[in-house]
Protein chains: 2
Amino acid sequence: MKKNLRISDTEWELMRVVWAQSPATAAEIIAMLTARDPTWHPKTARTLLARLVGKKALGYQPQGRAYAYTPLVSEADCVAAASESFVERVFGGSLRPMLVHLVEQQKLTPQELDELRALLAKKSPAAPKPPRKRPAP
Amino acid sequence: MKKNLRISDTEWELMRVVWAQSPATAAEIIAMLTARDPTWHPKTARTLLARLVGKKALGYQPQGRAYAYTPLVSEADCVAAASESFVERVFGGSLRPMLVHLVEQQKLTPQELDELRALLAKKSPAAPKPPRKRPAP
DNA sequence: ACGGATAGACCACAAACGTAGTCATGCGGA
DNA sequence: TCCGCATGACTACGTTTGTGGTCTATCCGT
């Protein structure tokens with residue numbers, strides 16, 4: 001609900017690991033972070049955890065002598081908010097040019113392209129003027 | 001080439017109007033900005049223009065007693081960079097979930113969906129296992 | 001029981017951001 | 001010619017972000 005929630009670039013990485021596995025203690029989170037990116041400094045991570053708690057993006061319960069953190073905001077909500085603000089900023093709110101750009105510029109594997117096609121096929125069962133259509137087997 | 005170029009949220013709005021119409025004087029840019037968003041303060045816009053010049057994102061030539069600004073970086077490059085950093089941040093670098101999200105969550109008109117489908121069809125002329133295919137009429 | 005490793009609390013600090021004000025100056029109209 | 005207004009130059013300032021350090025209580029092993 002709260003869109004006043006502003007998650008910065010670096011904070012996103014924290015959130016993603018917590019979303020992936022929660023609850024998680026700071027040590028666990030730091031371990032997961034440094035696993036994929038050794039440049040993470042533990043202190044930095046802890047500061048960010050504290051900030052995310054301050055922002056009400058994370059909550060925590062004491063677990064032993066440490067804290068176990070849990071997300072207070074859903075990943076889906078944040079992804080949606082971030083996506084919206086991104087298209088707004090970069091593409092002026094117009095989604096189509098963005099998709100065109102992504103499909104054109106980024107490299108998608110043929111497999112991913114197929115998945116996308118399938119997705120689109122499902123998405124609009126009745127296109128305005130489909131060249132042809134056939135009932136599913 | 002320079003990826004050290006960091007364009008902030010607000011700066012993007014400036015850049016987009018300059019990309020849309022360049023060269024443009026500060027007054028023109030401000031006019032275009034306030035046209036779509038009256039909350040823009042002229043002074044703020046001027047500060048951002050100066051910052052963008054400092055960042056080498058914009059250049060300028062004296063035009064009369066004012067400056068005419070022109071982009072020094074292409075919109076395509078910036079869009080690509082922003083897109084990449086966005087997927088990286090929000091989707092952990094994985095493009096497919098992002099497209100899925102966008103197609104699923106955002107509202108695309110049926111027409112846009114068709115365009116996308118067409119785009120995808122062109123993109124991979126030879127799909128691994130097309131259910132069927134038929135030559136165009 | 002004691003000393004070192006640890007967790008969280010609190011602090012620091014520069015750079016970037018968002019937002020806007022002041023200053024000096026030159027052009028253009030009265 | 002003189003004034004004011006628009007313009008760029010410079011300044012201000014609180015907030016956010018990225019990056020880490022210090023301090024203190026504590027738990028665990030020896």
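To find a chain, count down the sequence lines: A is the first, B the second, and so on, and within it residues start at 1.
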Review point. What distance separates A:W12 CH2 from A:E75 CD, expressed to the nearest 0.5 Å?
Key: 6.5 Å
Check your understanding: Rounded to the nearest 0.5 Å, how far apart are CD1 of A:I7 and CG of A:L48?
Key -> 11.5 Å
Specify the separation, in whole Å, of atom [atom1] of [X] and atom [atom2] of [N].
X	N	atom1	atom2	result
A:W12	D:dT17	CH2	P	14 Å
A:L49	D:dT17	CG	P	15 Å
B:L14	C:dT19	CG	P	12 Å
B:R6	C:dG18	CZ	P	11 Å
A:K55	D:dT15	NZ	C1'	11 Å
B:L33	C:dA20	CG	C1'	16 Å
B:L48	D:dA9	CG	P	15 Å
A:R46	D:dT24	CZ	C1'	14 Å

Do the side-chain N or O atoms of [X] get closer than 4.0 angstrom to the phosphate oxygens (OP1, OP2) of [N]?
X	N	answer
A:Y60	C:dA7	no
B:H41	C:dG18	no
B:R65	C:dC27	no
A:K43	C:dA12	no
B:Y67	D:dA6	no

Exercise for review: Examine the base of C:dG18 for any acceptor or donor lying under 3.5 Å from a partner atom in the side chain of B:T44, and report the outcome as yes or no.
Suggested key: no
Check your understanding: Any donor-acceptor pair under 3.5 Å joining the side chain of A:R51 to the base of D:dG18?
Key -> yes
**Study point:** Candidate nucleotides C:dC17, C:dT19, D:dA9, ranked by approach to the side chain of B:T47 - the nearest
**Key:** C:dT19
Revision key, fill the gap. Against the side chain of A:D9, the closest entry in D:dG18, D:dG8, D:dT19 is D:dG18
Base, sugar-phosphate or nothing for [X]? Non-hydrogen atoms, less than 4.0 Å.
X	value
B:A50	nothing
A:T25	nothing
A:T10	sugar-phosphate

Review point. Can you list the steps and then say if A:R6 with A:E11 is a salt bridge (Lys or Arg N to Asp or Glu O under 4.0 Å)?
Key: CA-CA 9 Å; A:R6 188 151 198 89; A:E11 288 165 352; over 6 Å; no
Practice item. Treat each ILVMFWY residue as a node, draw an edge where side-chain heavy atoms are under 4.5 Å apart, and state whether A:I30 and A:L58 are in one component. Key: no
Check your understanding: Any luck finding a side-chain donor-acceptor pair between B:Q63 and B:T25 under 3.5 Å?
Key -> no
